[in-house]
Amino acid sequence: MEYRAKCDTLLEGADAFARAKLSEKRYGHTVRVADTAEDLARKHGLDPDRTRLAALLHDAARETDPEEFLRLAEEWNLPVGEPERQSPKLLHGPVAAELARRELGVEDEEVLSAIRAHTVGRAGMGPIALALYVADKIEPARDYPSVERIRSLALKDLYEAAAESLRRVIGHNEGRGKPIHPASRAMLEWLEEA
Ligand SMILES: [Fe+2]
Ligand SMILES: [Fe+2]
């Protein structure tokens with residue numbers, strides 16, 4: 001199959017997969033993230049199809065039950081730390097990446113790792129992962145005080161936009177006495193050093 005046709009088939013499959021797995025509301029979020037991530041990819045010279053693919057699948061496992069997350073993680077040997085044991089839905093990225101690989105045959109490691117890292121972040125993530133991470137926070141239905149600032153940063157610099165977004169999440173959680181995932185702190189440190 002030629003490249004374009006292969007891409008379209010994969011994108012259509014991912015779209016149908018997300019639609020089948022998710023409520024209408026979350027599927028709506030998924031499509032908005034996909035459109036936003038694809039736009040960011042074009043703006044920053046990344047592959048729009050691979051970025052869209054990651055975005056279409058990022059939340060595909062979001063509606064799994066907590067016990068099922070832990071069962072699947074064990075079955076598939078996914079890393080489970082204390083934060084994931086406390087809040088199994090943090091596993092929805094890693095579980096979605098496994099579903100993408102096992103059920104849709106996605107083998108593109110950059111796409112899979114973008115899906116895996118979209119929730120708590122990861123230091124050293126690649127540009128496709130960064131575009132997805134930011135798109136998830138700024139899709140058109142997102143509404144919080146600094147969203148416009150992060151949207152305009154995202155047009156100029158994905159690294160800056162991700163750092164600003166992490167500072168917001170970390171500040172917000174600290175303010176409410178909620179734990180910060182070590183991967184989020186590590187990602188912010190990485191971005192601030194860069
Ligand atoms: Fe998510
Ligand atoms: Fe999302």
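In each ligand, atom 1 is the first atom listed, and ligand 1 is the first ligand listed. All values below come from the heavy atoms of this structure, side chains included, with hydrogens, waters and symmetry mates left out.
- Within the protein, the N, O or S atoms lying under 2.8 Å from the Fe ion (ligand 2) are H29 NE2, H58 NE2, D59 OD2, D136 OD1.
- Chaining together hydrophobic side chains whose heavy atoms lie under 4.5 Å apart places L130 alongside L40, L46, M125, Y133, V134, I138, Y144, V147, I150, L158, Y159, L166, I170, I180, M187, L188, W190, L191.
- The N, O or S atom of H92 lying closest to the Fe ion (ligand 1) is NE2.
- Ring geometry, H118 versus H92: the interplanar angle exceeds 60°, so the pair is classed perpendicular (tilted spans 30 to 60°).
- For the pair D136/H29, a side-chain contact is recorded, criterion being any heavy-atom separation below 4.5 Å from C-beta on.
- With contacts defined as side-chain heavy-atom distances shorter than 4.5 Å, the pair V31/D35 qualifies.
- Residue L132 belongs to a hydrophobic cluster whose other members are V33, with links defined by side-chain heavy atoms closer than 4.5 Å.
- Listed by chain and number, the residues in a salt bridge (charged side-chain N to carboxylate O under 4.0 Å, His left out) with E75 are R71 (sequence neighbours excluded).
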